[in-house]
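Every value quoted in this text rests on a predicted model; they were computed, and no experiment measured them.
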Amino acid sequence: MSAKPTCLIVASASPQGVSAASFHQSFSLVASVFNLQTATPGGKPIDFVGVDESSARWVQDFNLKPYATPAKLESIDGARYQVLLLPDCPGAPSDLAHSGSLHRILTHFIAHQKPVCAVGQGVSALCCATEGQRWIFNGYSLTGPSVFELVRRPDFANLPLVVEDFVKDSGGSYTASQEDAVHVVIDRHLITGQNMQSTSLAVNNLILLSSAK
């Protein structure tokens, strides 16, 4: 039997944190299929937000596991991973969206057509990958949080980046469904989910895409 492929899960380290529900769903789906490595800027611990009764116990258990300690994103070699997953991270527009280290990893994944999946505000992390004036996902179709979804956030006025605007301004093709509706877009090796509710469908498609390679 061949060795399991390795999935890199990149999460935000900013105070706005990582969606507990999206991360929980993502992790639960990929854990049996891939070897996993988590990474954050600076290797900072993952700060889960939106923890509720259904995820509280899982978060508690997760934090005791060895893989709960992320690697430093800055030291990650993209060539060692076959799959990249960016769960819904409300903090991503503040750090991952401007990460040179993630840009380097994404450039490798695009060059080798390796599967990439980003969900909700995790999609904003893809915005880091600009070379000069050109976005490396120029010409791709994708989704992410709509303005209608983001405007409900109390910090909307201070968001450093709005995915919908960035994609349209950078030569991508953006679509969205109704607020909180499940909406997933697949274009070549890139899978994007509009919001936290789209996590399961997006990640299941990542698993399918990976097994087809």
Side-chain angles (χ1 to χ4, degrees), residues 9-12 14 16 18-19 21-23 25-26 50 83-100 102-111 113-210:
I9 303 176
V10 176
S12 171
S14 78
Q16 293 89 351
V18 178
S19 162
S22 182
F23 193 96
Q25 285 182 32
S26 300
V83 179
L84 177 61
L85 175 57
L86 299 151
D88 184 19
C89 302
S94 300
D95 59 1
L96 296 179
H98 313 286
S99 168
L102 184 57
H103 178 185
R104 175 173 46 78
I105 294 164
L106 285 168
T107 300
H108 168 82
F109 267 75
I110 281 217
Q113 297 282 294
K114 293 180 179 179
V116 176
C117 177
V119 179
Q121 281 287 45
V123 178
S124 67
L126 303 177
C127 301
C128 71
T130 52
E131 294 170 355
Q133 295 298 310
R134 186 179 179 278
W135 187 38
I136 63 174
F137 291 101
N138 173 34
Y140 278 75
S141 297
L142 64 162
T143 186
S146 68
V147 170
F148 293 113
E149 287 171 320
L150 294 175
V151 78
R152 299 177 301 187
R153 289 176 46 155
D155 62 343
F156 175 72
N158 300 316
L159 280 178
L161 182 98
V162 174
V163 168
E164 181 175 343
D165 294 341
F166 181 93
V167 172
K168 289 174 177 175
D169 292 344
S170 304
S173 175
Y174 176 89
T175 60
S177 184
Q178 299 168 335
E179 298 97 296
D180 305 324
V182 174
H183 181 61
V184 172
V185 174
I186 304 170
D187 186 352
R188 288 160 273 184
H189 59 106
L190 176 66
I191 301 165
T192 48
Q194 180 176 328
N195 44 37
M196 192 282 294
Q197 291 85 347
S198 304
T199 301
S200 180
L201 188 62
V203 175
N204 273 306
N205 275 288
L206 176 68
I207 293 167
L208 282 171
L209 194 61
S210 171

> Between CD of Gln197 and OG of Ser22, what distance do you get to the nearest 0.5 Å?
Replying inline: 9.5 Å
>> For a quick test of reading the model, state the closest non-hydrogen atom pair linking Gln121 to Ala92 and the distance between them.
In response: O-CB, 3.4 Å
> Side chain of Gln194, backbone of Gly120: donor and acceptor closer than 3.5 Å?
Replying inline: no
> If every non-hydrogen atom of Leu161 is compared with every non-hydrogen atom of Ala97, which pair is closest and at what distance?
Replying inline: CD2-CB, 4.0 Å
>> Ile110 vs Leu190, test: side chain to side chain contact (heavy atoms under 4.5 Å, CB included). Steps then yes/no.
In response: CA-CA 9 Å; Ile110 281 217; Leu190 176 66; over 6 Å; no
> Would Ile9 and Phe23 satisfy side chain to side chain contact (heavy atoms under 4.5 Å, CB included), going step by step from the backbone distance to the final call?
Replying inline: CA-CA 9 Å; Ile9 303 176; Phe23 193 96; 3.8 Å; yes
> Within the distance-only criterion (no hydrogens, no angle test), does the side chain of Thr192 pair as donor or acceptor with the backbone N or O of Thr143 below 3.5 angstrom?
Replying inline: yes
> Judged by atom type as modelled, is there a donor-acceptor pair below 3.5 Å linking the side chain of Thr130 to the main-chain atoms of Gln133?
Replying inline: no
> Considering all heavy atoms of both residues, which atom of Glu149 and which atom of Gly144 are nearest to each other, and what is their separation?
Replying inline: OE1-O, 4.4 Å
> Hey, does the side chain of His189 reach the backbone of Leu209 with a donor-acceptor pair shorter than 3.5 angstrom?
Replying inline: no
> Are any side-chain N or O atoms of Gln16 and backbone N or O atoms of Pro90, one a donor and one an acceptor, separated by less than 3.5 Å?
Replying inline: no
> Just wondering, do Leu159 and Arg153 contact through their side chains at under 4.5 Å, heavy atoms?
Replying inline: yes
>> Any heavy-atom pair between the side chains of Ile136 and Glu131 that's under 4.5 Å?
In response: yes
> Going from OG on Ser124 to CG on Asp95, what distance comes out if it is rounded to the nearest 0.5 angstrom?
Replying inline: 8.5 Å
> Roughly how far, to the nearest 0.5 Å, is CD1 of Ile191 from CG of Leu86?
Replying inline: 12.0 Å
> What is the distance from atom CG of Leu126 to atom OG of Ser170, rounded to the nearest 0.5 Å?
Replying inline: 11.5 Å
> Minimum heavy-atom separation for Cys127 to Phe166, with atom names?
Replying inline: SG-CD2, 3.3 Å
>> With a sphere of 6.0 Å drawn around CZ of Phe156, does it hold more than 12 non-hydrogen atoms of other residues, nucleotides or ligands?
In response: yes
>> I'd like to know whether Val203 forms a side chain to side chain contact (heavy atoms under 4.5 Å, CB included) with Gln25, so could you lay out the CA-CA distance, the side-chain angles of the two residues, the decisive distance to 0.1 Å, and finally the verdict.
In response: CA-CA 9 Å; Val203 175; Gln25 285 182 32; over 6 Å; no
> Between Ser12 and Ser14, is there a donor-acceptor pair closer than 3.5 Å when you use the side chain of the first and the backbone of the second?
Replying inline: yes
>> Let me confirm one number: the SG-NE2 distance from Cys128 to His103, rounded to the nearest 0.5 Å.
In response: 6.5 Å
> Which pair of non-hydrogen atoms, one from Ala202 and one from Val184, has the smallest distance, and what is that distance?
Replying inline: N-CG2, 3.8 Å
> Can the ring centroids of Tyr140 and Trp135 be said to lie less than 6.0 angstrom from one another?
Replying inline: no
> Looking only at side chains, do Thr199 and Ser26 share a donor and an acceptor under 3.5 Å apart?
Replying inline: no
> Taking Asn138 for the side chain and Arg134 for the main chain, is one N or O donor matched with an acceptor at less than 3.5 Å?
Replying inline: no
>> Please check this pair: side chain of Asp187 against backbone of Leu142, looking for a donor-acceptor N/O pair closer than 3.5 Å.
In response: no
> Among Val147, Asp169, Thr175, whose side chain to side chain contact (heavy atoms under 4.5 Å, CB included) with Glu164 holds?
Replying inline: Val147
>> So, taking the atom named CD1 in Ile186 and the one named OG in Ser141, what distance separates them when rounded to the nearest 0.5 Å?
In response: 11.5 Å
>> Evaluate Val10 against Leu96 for side chain to side chain contact (heavy atoms under 4.5 Å, CB included), listing each step before the verdict.
In response: CA-CA 9 Å; Val10 176; Leu96 296 179; 3.8 Å; yes
>> I need the minimum non-hydrogen distance between Ala176 and His183, along with the two atoms involved.
In response: CA-CD2, 3.8 Å
